[in-house]
Amino acid sequence: MIGKVGRALVTPPFYFRDVVEQFDAIGVGSLTVVLLTGMFTGMVLALQSGMTLDQFGARSMVGRLVSASMVKELGPVLTGLMVAGRVGSGIAAELGSMVVTDQIAALRALGTDPIRKLVLPRILAGLFMVPILTVISTAVGMVGGWLVTFSLLRVASSVYWNSVVQGLFIQDVWMGLIKPFVLGFTIVSLGCHVGLRTSGGTQGVGRSTTNAVVASSVAVIAVDYLVTQLLIVLMY
Amino acid sequence: MAIAKPTPRPPLLEEALAHGGPIIVFDDVELAFDDKVILRNVSFTLRTGHTKIFLGASGAGKSTILRLILGLLTPDAGRIFVNGEQIESMTEDQLIAVRADLGMVFQEGALFDSLTVRENVGYKLDEELHWPAADVDRRVEEVLGFIGLRDFIDRMPSELSGGQRRRVAIARAMAAKPRILFYDEPTTGLDPITALTVDKEIVKLRDIEGVSSILVTHQLRDAFYVAEHSAFAEAGDDRRIRLERATPQKEDEAEFILLRDGRIHFEGNATELREAQQKDAYIAAFLS
């Protein structure tokens with residue numbers, strides 16, 4: 001399937017309208033869940049790390065811990081997991097129902113390649129929107145951390161934000177940007193693959209939806225580890 | 001814009017595939033899924049402007065034949081010719097060009113449930129043929145008028161009855177004026193009156209629009225109706241369409257193929273099928 005997607009990317013026809021629709025559905029549609037996840041993760045991270053750092057008299061270092069954790073790991077992974085739950089399942093269910101109701105066969109009979117019309121737009125949306133969602137989630141997480149640090153831990157805002165900046169290195173930022181590209185591609189590809197292989201009527205659609213969520217969630221964690229290891233070797 | 005012109009063929013091919021020419025040929029086609037044999041040594045020819053009606057029990061391989069012609073499945077052995085081109089070893093991109101001249105009405109319609117009737121019917125014209133919006137609208141209204149559903153143009157498929165969905169599926173299949181139309185169980189599950197409406201559309205498309213067709217069904221009443229009726233456009237400004245009993249010559253243009261366990265058990269016209277039941281217990285049981 002990936003080979004066909006690659007060929008569809010460089011040869012006509014290209015369904016631009018579907019690409020825009022998928023950018024909206026996958027990107028804008030996932031914004032709320034990603035904002036909430038990022039915010040609460042940043043808040044709880046500040047709360048937990050504040051308690052631990054207190055034991056060493058280092059409460060002022062909370063920002064450094066929040067930023068490093070959010071940018072390198074929690075931002076990409078939690079965004080990936082949220083997108084896997086929301087988008088991966090949605091894609092598998094949608095394509096799965098199209099398969100069992102013969103809509104995919106109808107598309108082909110009408111002269112449309114389902115890979116170009118259905119898969120490529122979703123993969124492009126996953127590839128580009130998951131990194132944007134990750135950046136937003138990470139930024140909101142830091143703001144959440146700041147809210148808790150400022151209001152509950154009584155650390156001055158300037159100290160928190162200074163600590164945030166000190167905790168970040170350019171390699172961390174690159175890691176936080178590269179990972180979601182790979183995760184977005186993985187989640188959407190798995191959702192499409194599982195959806196298009198659906199069989200067995202409505203029961204099969206349910207099975208595909210579950211399989212897509214489970215497979216893409218596990219893949220997010222596994223791919224995160226592999227990409228992290230690769231980037232550490234290449235950049236640090 | 002001149003609309004609905006079929007793809008031009010080379011002159012010699014056009015002559016070979018004129019009325020009565022072999023527009024679809026199955027030559028010794030075989031297909032099995034794992035150990036289960038679906039089709040065995042199936043050979044037949046659909047002639048331009050004619051109708052083939054496939055009968056058979058559920059699982060006999062009727063719908064599979066349509067999927068093979070469309071290139072949605074690939075045979076294990078044998079050759080398939082569509083419009084003069086051998087298709088069984090074609091790539092998906094090559095098949096898309098072949099499918100440009102084919103229309104298919106799927107079981108249950110297979111309408112795109114996120115699109116309106118207008119968008120479903122105009123899908124190929126808009127997305128694949130890139131007609132201007134005004135031309136798409138005109139053609140969509142024309143074909144919906146042909147099947148009597150012009151008032152339903154802005155409805156969603158979920159708002160239609162089963163019969164209306166099948167008729168919209170026929171409109172979608174005929175919108176780009178393909179030379180060949182396939183109907184996969186178009187009347188199954190419909191009440192007799194709605195089924196008769198669908199049958200009439202099939203006869204009208206064959207006799208008024210000159211479409212070659214393959215009908216897969218196990219509804220005998222519908223099969224015999226399509227085989228034994230003809231449509232005529234009456235003279236006059238409104239060109240009303242009249243359906244009546246077909247002449248014996250016209251009846252010969254509709255052939256039945258009865259499939260049994262993946263093999264062709266009977267091939268012939270309606271009269272021959274009726275006569276065959278005197279000598280063949282399986283045909284007698286099937287027609288009873």
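Since we're looking at a predicted model, the values are computed, not measured. Just so it is clear: chains get the letters A, B, ... in the order the sequence lines come, proteins before strands, and each one is counted from 1.
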ask   = Is it the side chain or the backbone of B/Leu70 that comes within 4.5 Å of chain A heavy atoms, both, or neither?
value = side chain
key: CZ/A/Arg197: more than 12 non-hydrogen atoms of other groups inside 6.0 Å   = no
key: Plane angle bin for A/Phe23 and A/Phe128 - parallel if under 30°, tilted between 30 and 60°, otherwise perpendicular   = parallel
request  = Answer yes if the side chains of A/Thr11 and A/Arg116 hold a donor-acceptor pair under 3.5 Å, and no otherwise.
outcome  = yes
query = If you count heavy-atom pairs under 4.5 Å between each of A/Leu110, A/Thr101, A/Leu107 and chain B, which one has the most?
reply = A/Leu110
ask   = Is it the side chain or the backbone of B/Leu111 that comes within 4.5 Å of chain A heavy atoms, both, or neither?
value = backbone
inquiry  = Under a 4.5 Å cutoff for heavy-atom pairs, which residue among B/Met104, B/Glu108, B/Arg67 has the most contacts with chain A?
reply    = B/Arg67
note = Bottom line for B/Tyr123: the part with an atom under 4.5 Å from chain A's heavy atoms is side chain
inquiry  = For B/Gln107 and A/Asp102, which I'm curious about, is there any donor-acceptor pair between the side chains at under 3.5 Å?
reply    = no
request  = Could you tell me which portion of B/Asp113 (side chain, backbone, both or neither) has an atom closer than 4.5 angstrom to a non-hydrogen atom of chain A?
outcome  = both
ask   = Side chain, backbone, both or neither: which part of A/Lys4 has a heavy atom under 4.5 Å from chain B?
value = neither
query = Can we say B/Asp184 and B/Arg166 salt-bridge, meaning some charged N sits less than 4.0 Å from an Asp/Glu carboxylate O?
reply = no
ask   = Is the charged tip of B/Arg167 near the ring of B/Phe152: under 6.0 Å from the six-membered ring centre and within 45° of its axis?
value = no
message = Between A/Met98, A/Arg7, A/Glu94, who has the most heavy-atom pairs with chain B when the cutoff is under 4.5 Å?
response = A/Arg7
